[in-house]
Amino acid sequence: MHRWSSLFVPTLREVPSDAEVASHKFLLRAGYVRQMGAGLYSFLLLGQRSLNKITAIVRDEMDRIGQEFLLPALLPAELWQQSGRWTTMGENMFRLKDRKGADLCLGMTHEEVMTDIARRELRSYKQLPQIWYQIQTKFRDEPRPKSGLLRVRQFLMKDSYSFDMDEDGLDRSYALHDAAYRAIFTRCGLEFVAVEADSGAMGGSQSQEFMVYTEAGEDLIASSAVTGYAANLEKATSRLAPVEDLAPTGDGLPELVHTPGKAAIADVAAFFAISPAQDIKCVAYIAHTEGASGTAGAQPVAAFLRGDHMVNETKLLGVLGAGELRTMNGDELEQWLGGPAGYLGPLGLERAQALGGPGLTVVVDRALEGRRNLVCGANRLDYHYRNVTPGRDFRWTVLADIRNAREGEDAPDAPPGTAAPLRIGKAVEIGHIFKLGYRYAEALGARVLDANGREVTPIMGSYGIGIERILTAAIEQAAAGAPDGNGLALPRAIAPFEVVITVTNVRDAELLATGEQLARELEAAGIDVLLDDRDERAGVKFKDADLVGIPLRVNVGKKVAEGQVEVVDRRAGKSVDVALGELVTHLQKH
RNA sequence: CGGGGCGUAGCGCAGCCUGGUAGCGCAUCUGCUUUGGGAGCAGAGGGCCGGGGGUUCGAAUCCCUCCGCCCCGACCA
């Protein structure tokens, strides 16, 4: 039986000044964790119990689709050199040398190691598919650990890897993970959305992130409750409301207009008495292509969008196949566009004929496609054009979606004529599933024989869950829904204890005996119970019970004389009196 | 890495400007009273004032330097 009087639960009355986000404050105040350094935390009793609850759920679901391994976290450089990531991981990887001077690193992910096992051991298509997973500590030298447990340098990850014969097989492994992840997060009591994610530099074909909406999050996601659409803002698209084009003026051809001092879009729109949606804006960049050898090529890029839209640099990078963007400085604007910021436009530019070709790459956002009689800069100080029609008056290197979707725009999959406004909000990523393809299997030379006796490369997927992030996301979610001041309660499945029995006065032998008896009964019924038998005033124990996040509290006090105890459901904010003999059944069906 | 803030008792803070050898609240320990929402009274313990160097008769306080932590940005398979 767990007796609070003999446990180490160092609750704090005041929040350490370093903590800002709700989950960090909670974890410190409730005595779940203590900080060692930036992004390094020790888990104490309550924190570790919660993590154990979470990993038990993860194991339970993962064991249905895969097999648990445990790989080393200390890894030789050689594998990473073979995959090429010894260099591309850069400073995010913790590196060290052993006594012989050999290079080692601390694992930040385990594609290489799992693939190494696969290439040594898998020989035949008869052995596939395989799904191998582990729950293990990962190390990442983050440039800026922050927000308590949300971004740390050492954390637990459930990572799994699938090996299949072909894309259909990969689709099945991916779907199995999708279903398992949904089951895991649901059992952990989280409200989450699965979003389309940017596949990024990994080059995979499909990728999905599992996100929990919270103000403490670092990602922005767009979702529609109507259609179920959900995507990371890096990838989200939207259906735009139609815009009425302006009527042409004069002969309908581009007309140069003197616009002194009208550089900002709002000023230009006011000057012409138009909406920013009738304007073309330009953002000019120098893109750097990621050269693995370090020989990065600089490429000038002019991006044109509707005046009221924002460039999505992740999308733009994807279109360009580049690794890095920075905006042009004044000299570069003069060199490539011939005009100053605020007066840039697409007319008369000498553009690259193809992506990667020499000259200025002109990227036009799809929202400008089919538009007519727009206003844009003239690449000349204090001048704009009107009557500008894309396609007729200027051309481009590439037409692509490079803008950010905005809150309130309709989801892209909304049927025509129906409303499906997007909600855009901050979110924290708790899981990620990813179709890797052949990259690692090829780089490391994993091959199996197919039914025809030919060597083929297995296709891989990789899938991750941040264990601590399940806890922090659940806390953030509970904090968002909790009335302030009274503490918060965790979902029963991941709370360190399901029930706390608060004996209001342990010097009353009858109350203490009743509390102990009830705790024994609950324990026998398989309920995870904590008996608060401390010799403290009732108020102190109530406050502590509220603070540590246990969702159900049983008050053993005055009403025992009438054969009753008070059961407080902290998540529901309700309390009821229950007869002593019915407590177990009451809490079981709760 | 750029910008900002902060390191004084377990936690929260004052003292620093204007140098004179450290203080408050909570927590902890002891005693008495109290006992259903962080009790009251009385007493006690606890500090290389982040480290190093300098100025000075004297440094928590002024100067230099290093380290650490937090926030914004950059970054984040």
Side-chain angles (χ1 to χ4, degrees), chain A residues 10-21 24-25 28-29 31 34-41 80 83-93 105 107-112 138-148 150-153 155 157 159 161 197-204 207 209 216-219 232 234 290 313-314 323-327 428-429 432-434 436 439-440 460-464 466 485-487 502-508 511 532 534-548 553-560 565-566 568 575:
Chain A
T11 56
L12 299 175
R13 292 201 179 188
E14 287 176 281
V15 191
S17 56
D18 284 348
E20 281 217 350
V21 300
H24 193 196
K25 290 178 182 170
L28 288 170
R29 277 201 72 200
R34 287 296 183 258
Q35 183 166 9
M36 278 258 18
L40 300 172
Y41 288 86
W80 296 80
S83 74
R85 292 209 285 186
W86 183 255
T87 49
T88 58
M89 282 301 193
E91 299 203 304
N92 258 25
M93 184 184 261
C105 66
M108 47 196 298
T109 177
H110 277 69
E111 280 82 7
E112 281 83 353
K138 297 285 187 274
F139 299 87
R140 296 183 187 185
D141 194 358
E142 291 287 344
R144 183 150 94 84
K146 60 176 189 174
S147 305
L150 280 175
R151 180 162 293 279
V152 291
R153 295 194 289 178
F155 58 97
M157 180 187 260
D159 50 324
Y161 306 86
D198 181 50
S199 305
M202 294 278 290
S207 168
E209 292 165 338
E218 299 183 280
D219 288 286
N232 195 305
E234 292 177 346
E290 242 177 351
E313 295 189 355
T314 305
E324 230 174 275
L325 283 179
R326 65 167 176 83
T327 51
V428 57
E429 178 185 347
H432 197 165
I433 58 178
F434 200 95
L436 276 182
R439 173 176 168 179
Y440 293 93
M460 291 176 60
S462 88
Y463 317 86
N486 291 332
T502 302
V503 178
T504 57
N505 182 0
V506 295
R507 298 193 180 183
D508 182 326
L511 292 188
D532 190 351
R534 291 176 299 167
D535 184 9
E536 291 283 352
R537 297 164 61 86
V540 172
K541 294 201 274 192
F542 289 146
K543 289 286 187 189
D544 265 346
D546 287 354
L547 181 57
V548 300
R553 188 178 80 221
V554 177
N555 296 342
V556 177
K558 296 169 185 164
K559 289 169 184 158
V560 166
V565 289
E566 188 180 12
V568 182
S575 59

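Just so it is clear, the structure is predicted and the values come from calculations on it, not from any experiment. Just so it is clear: chains get the letters A, B, ... in the order the sequence lines come, proteins before strands, and each one is counted from 1.
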Whole angstroms only, please: what is the [atom1]-[atom2] distance between [X] and [N]?
| X | N | atom1 | atom2 | value |
| --- | --- | --- | --- | --- |
| A:H432 | B:C76 | NE2 | C1' | 13 Å |
| A:D141 | B:A77 | CG | C1' | 15 Å |
| A:L547 | B:C11 | CG | P | 16 Å |
| A:K25 | B:C11 | NZ | C1' | 15 Å |
| A:D532 | B:G36 | CG | P | 14 Å |
| A:R29 | B:G12 | CZ | C1' | 11 Å |
| A:M89 | B:C76 | CE | P | 12 Å |
| A:F434 | B:A77 | CZ | C1' | 8 Å |

Which part of the nucleic acid, if any, lies within contact of [X], taking any heavy atom under 4.0 Å across all strands shown: a base, the sugar-phosphate backbone alone, or nothing?
| X | value |
| --- | --- |
| A:M36 | nothing |
| A:R326 | nothing |
| A:R553 | base |
| A:D508 | nothing |
| A:E566 | base |

Scan every strand shown for a Watson-Crick or G-U wobble partner of [N], both distances under 3.5 Å, and answer none if you come up empty.
| N | result |
| --- | --- |
| B:U35 | none |
| B:G20 | B:C57 |
| B:C69 | B:G5 |
| B:C26 | B:G10 |
| B:G46 | none |

Name all residues meeting the salt bridge (charged side-chain N to carboxylate O under 4.0 Å, His left out) criterion together with [X]; count only those two or more places apart in sequence or in a different chain, and write none if there are none.
| X | result |
| --- | --- |
| A:E218 | A:K146, A:R151 |
| A:R29 | none |
| A:K558 | none |

Give the minimum heavy-atom separation between [X] and [Y], together with the two atoms involved.
| X | Y | value |
| --- | --- | --- |
| A:D18 | A:Q35 | OD2-OE1, 4.4 Å |
| A:P10 | A:R34 | O-NH2, 2.7 Å |
| A:S83 | A:R439 | O-NH2, 3.9 Å |
| A:V565 | A:N555 | CB-O, 3.5 Å |

[N] to [M] separation - [atom1] atoms, rounded to the nearest Å:
| N | M | atom1 | result |
| --- | --- | --- | --- |
| B:A59 | B:U21 | C1' | 9 Å |
| B:G25 | B:A14 | C1' | 11 Å |
| B:G31 | B:G20 | C1' | 39 Å |
| B:A39 | B:U35 | P | 13 Å |
| B:C70 | B:G53 | P | 28 Å |
| B:C66 | B:A9 | C1' | 25 Å |
| B:C29 | B:A74 | P | 48 Å |
| B:C16 | B:G23 | C1' | 14 Å |

Pairwise 5' ranking along RNA chain B for A:R151 and A:R534, keeping only the more 5' one: A:R534
Flag, side chain of A:K559 to backbone of A:E566, donor-acceptor distance under 3.5 Å: no
Any donor-acceptor pair under 3.5 Å from A:D159 side chain to A:Y161 backbone: no
Under-4.0 Å salt bridge between A:D532 and A:R553: no
Per A:P16 side chain, nearest of listed nucleotides B:C11, B:A77, B:C76: B:C11
Among B:G37, B:A77, B:C11, the one nearest A:R85 by side-chain distance: B:A77
Heteroatom pairs (N/O) under 3.5 angstrom, protein to nucleotides 26-35 of chain B:
{"residue": "B:U34", "atom": "O2", "partner": "A:R537", "partner atom": "NH1", "Å": "2.6"}
{"residue": "B:U35", "atom": "O4", "partner": "A:R507", "partner atom": "NH1", "Å": "3.1"}

N/O-N/O pairs, protein side and nucleotides 70-75 of chain B side, under 3.5 Å:
{"residue": "B:C70", "atom": "OP1", "partner": "A:Q35", "partner atom": "NE2", "Å": "3.0"}
{"residue": "B:C71", "atom": "OP1", "partner": "A:S147", "partner atom": "N", "Å": "3.2"}
{"residue": "B:C72", "atom": "OP2", "partner": "A:R144", "partner atom": "NH1", "Å": "3.2"}
{"residue": "B:C72", "atom": "OP2", "partner": "A:R144", "partner atom": "NH2", "Å": "2.7"}

Euclidean distance, A:F155 CZ relative to A:M108 CE, rounded to 0.5 Å: 8.0 Å
Contacts of A:H24 that satisfy ring pair (Phe, Tyr, Trp, His ring centres under 6.0 Å) - sequence neighbours left out: A:Y41
